[in-house]
Amino acid sequence: MAAALLHHHAQGRVTVRSAGSAPAGAINPAVIEVMSELGIDLSREFPKKLTTDAVEEADVVITMGCGDACPVFLGKRYLDWELTDPAGKPIDEVRPIRDDIDRRVRALLAELLPERPGRQR
């Protein structure tokens, strides 16, 4: 959800990659549903394995509880977002998780791409 929301809000102004240290076999159907409510189509997405190269190339790495499984590079900015896992949860419980992630993503994007005077989004 975080990668899709960041990609959606950034509108091409940042490169976004999503991967996990232990990715599931498929995207949670409840996640697909709550994201579609925002007009974000995840039907063609699939979970990907985190690679050392992807972390090394990133400017900011957002982790969600991967702990020691995530590669660590000195000088890299890491953010660990403690979130409720949406796995097995009904849509009504996944929406607040999505909304929490959305708030965090918007704050991060505002930090990465601060508004310049006279600039319209």
Side-chain angles (χ1 to χ4, degrees):
M1 285 190 283
L5 287 162
L6 183 54
H7 179 75
H8 174 76
H9 293 307
Q11 299 176 350
R13 295 176 291 162
V14 297
T15 301
V16 182
R17 291 188 186 101
S18 175
S21 55
I27 295 177
N28 180 334
V31 167
I32 292 172
E33 179 66 28
V34 300
M35 294 301 283
S36 71
E37 293 172 356
L38 300 179
I40 300 173
D41 180 11
L42 296 182
S43 64
R44 293 189 186 116
E45 297 296 327
F46 60 93
K48 298 158 199 76
K49 178 77 174 151
L50 180 67
T51 66
T52 301
D53 289 344
V55 174
E56 192 170 27
E57 293 172 12
D59 293 320
V60 179
V61 178
I62 299 170
T63 61
M64 297 178 190
C66 72
D68 293 340
C70 293
V72 175
F73 293 95
L74 291 176
K76 188 80 47 196
R77 181 176 176 198
Y78 289 84
L79 301 173
D80 187 37
W81 290 355
E82 290 186 29
L83 300 163
T84 302
D85 187 347
K89 300 213 177 329
I91 289 172
D92 288 343
E93 291 180 31
V94 175
R95 280 188 193 104
I97 299 167
R98 175 204 60 199
D99 295 344
D100 181 20
I101 294 170
D102 191 47
R103 281 187 293 278
R104 294 171 192 239
V105 161
R106 288 174 187 259
L108 176 61
L109 189 58
E111 201 178 299
L112 295 174
L113 302 172
E115 284 295 316
R116 288 179 278 190
R119 182 173 166 218
Q120 297 282 330
R121 276 200 222 187

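For this chain, numbers begin at 1 and follow the sequence in order.
Distance check: Leu79 CG to Ile62 CD1 gives 5.5 Å after rounding to the nearest 0.5 Å. The line from CD of Glu33 to CZ of Arg95 is 7.5 Å long, rounded to the nearest 0.5 Å. Expressed to the nearest 0.5 Å, how far CG of Leu108 lies from CG of Leu113 amounts to 9.0 Å. How far OG of Ser43 is from CE of Met35: 12.5 Å, rounded to the nearest 0.5 Å. Note that CD of Glu57 and OG1 of Thr52 are 11.0 Å apart. Values are rounded to the nearest 0.5 Å. Interatomic distance, NE2 of His7 versus CD of Glu45, reported as 8.5 Å (0.5 Å rounding).
For CD of Glu37, the number of neighbouring non-hydrogen atoms (other residues, nucleotides, ligands) closer than 6.0 Å is greater than 12. Around CZ of Phe46, the count of heavy atoms belonging to other residues, nucleotides or ligands within 6.0 Å does not exceed 12.
Across all non-hydrogen atoms, the minimal contact from Ile97 to Lys89 is CD1-CD, 4.4 Å. Across every non-hydrogen atom of Arg98 and Val34, the tightest pair is NH1-O, 2.6 Å. Of all heavy-atom pairs between Pro86 and Asn28, the closest is O-ND2, 3.1 Å. Considering every non-hydrogen atom in both Ala58 and Lys76, the closest pair reads O-NZ, 2.6 Å. Ile101 and Ala2 make their closest contact through CG2-CA, 3.5 Å (heavy atoms, listed as atom of the first residue, atom of the second, distance). Residue Leu109 comes nearest to Arg13 through the heavy atom pair CD2-NH2, 4.0 Å, listed as atom of the first residue, atom of the second, then distance.
Counting only heavy atoms from C-beta outward, the side chains of Leu5 and Leu38 approach each other to under 4.5 Å. In this structure, the side chains of Asp59 and Leu112 stay at 4.5 Å or more apart for every pair of heavy atoms. Counting heavy atoms from C-beta on, the side chains of Arg104 and Leu83 come closer than 4.5 Å. Between Pro47 and Ile27, the closest side-chain pair of non-hydrogen atoms falls below 4.5 Å.
In the model, Asp53 has no side-chain atom that pairs as donor or acceptor with a side-chain atom of Thr51 under 3.5 Å.
No salt bridge links Arg103 with Asp99; every basic N to acidic carboxylate O contact stays at or beyond 4.0 Å.
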